[in-house]
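First comes the structure, then the notes that go with it.
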Amino acid sequence: MEELVNIFIQSIFIDNMVFAYFLGMCSYLAVSKTVKTSVGMGFAVIFVLGFTVPINFLLEKFVLKSGALSWIGDSFIDVDLSFLSFIMFIAIIASMVQLVEMIVEKISPALYGSLGIFLPLIAVNCAILGGSLFMQERAYDSITEATVFGLGSGIGWFLAIVAIAAIREKIRYSHVPAPLRGLGITFIITGLMGIGFMSFMGIKL
Amino acid sequence: MSDKKEVLFSKKNRKLLTDPLNDNNPVTTQVLGICSALAITVQLKPAIVMAISVLVVMSVANVVVSLMRNLIPSRIRIIVQLVVIAALVILVDQVLKAFVYDVSKELSVFVGLIITNCIIMGRLEAFALGNGVWKSFLDGLGNAFGYGWILIAVAFFRELLGAGTLFGFPVIEKLGLYEIGYENNGMMILPPMALVTVGIIIWIQRTKNRDLIES
């Protein structure tokens, strides 16, 4: 349990997808103009990360890892398919996004109305593939750990995009030097927020 | 075919190659591909390896998708594009692992993240799907160079100011600046400073080219 809380906190604050690894920056910059849309996008990312990381974990554990295919028979013990992981992960992500889109549309049209337009964007959001690749690199032990990591990273990304959207809404009333307006100042603010988030470094539960 | 009448390096084609270097730069103007761009700019060497990898993937992917552009049903085009890119990235990854293993370790997940690098997807969507092979190739090259020079510029300043070295060579020490009291700015090595550096590049670029200023 302690370990899980640790992974959760760490993936939200310390290894924040945006501030520590710059993942999902494209949609982070494109969708953060107003708080409302950024909340929608943030939820969509939490949702998809929470699904794809555990699924890719199973894939990694039972198909891709060196020796993972040993459950088929002894002759498969030496098979190492890890070089295929990129293509498998992205295929899972693209099809999961499609699937999630259809399920959400069926079950909750209201949620689909607010998330719908963001879901296709998510297939090419680096944070999603990044989540799966970090999961692979850090070699989590169990599917619970992988799920917690996925959710935590999603929440970290959510916090980042909502915070920057709020700042960008306010900064419209400030006198930013003309060449810095828009993109430039957003980069610099993100940098400053990153420095702020670095104060979480070293926290260990 | 109007393509055949056009000279190989006509003015229009040259523009495809040079525009992304400055006025239509993928990173600073189109705001694409920042995801994987910044995390690997602590040192010059990985930045250059990354720039070359993107160059290869992008130009080949543009050519392949441009060749298939009349065959791909538009509903599944995103998945087709992802598969093309992913296959190319796997190739690049294997080559890196074989020849420059230490750099490949350093880049870790960011080689894989070339797949979701929005520049590549963006150019495939916006250009390769609607244009001929040669033009798409030039567009890919141009955008990859535009991406690459930003990457290398950021890495240059971060390595020089942060660690006092270039390609691992201790420039500052050789110049003797430490003796007169110069100190490395350790902050440049930290991730947030990459964002600030790009912000400053955008600032300089837009000061020079006022058309790009956002209202």
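Numbered from 1 within each chain, the chains take letters A, B, ... in sequence-line order.
- Between A/Gly191 and B/Pro192 the shortest heavy-atom distance is O-CB, 3.1 Å.
- Heavy atoms closer than 4.5 Å to chain B are found in the side chain of A/Met198, but not in its backbone.
- Taking OG of A/Ser85 as the reference point, atom CD1 of B/Ile90 lies at 7.0 Å (rounded to 0.5 Å).
- Across all their heavy atoms, B/Gly199 and A/Phe187 have their closest contact at CA-CB, 3.9 Å.
- Residue contact with chain B, scored on non-hydrogen atoms closer than 4.5 Å, involves the backbone and the side chain of A/Leu129 alike.
- Residue-environment remark: CZ (A/Phe200) exceeds the threshold of 12 foreign heavy atoms within 6.0 Å.
- Taking all atoms of both residues into account, the shortest heavy-atom contact from B/Arg206 to A/Arg181 is NH1-O, 3.7 Å.
- Only the backbone of A/Ala20 comes within contact range of chain B, judged by heavy atoms closer than 4.5 Å.
- Taking CG of B/Leu195 as the start and CD1 of A/Ile189 as the end, the distance is 11.5 Å to the nearest 0.5 Å.
- Taking B/Val83, B/Ile85, B/Ile115 one by one and counting their heavy-atom pairs under 4.5 Å with chain A, the maximum is reached by B/Ile115.
- Options A/Leu183, A/Ile87, A/Val18 differ in how many heavy-atom pairs under 4.5 Å they form with chain B, and the most are formed by A/Leu183.
- For the pair B/Leu113/A/Phe86, no side-chain contact is recorded, criterion being any heavy-atom separation below 4.5 Å from C-beta on.
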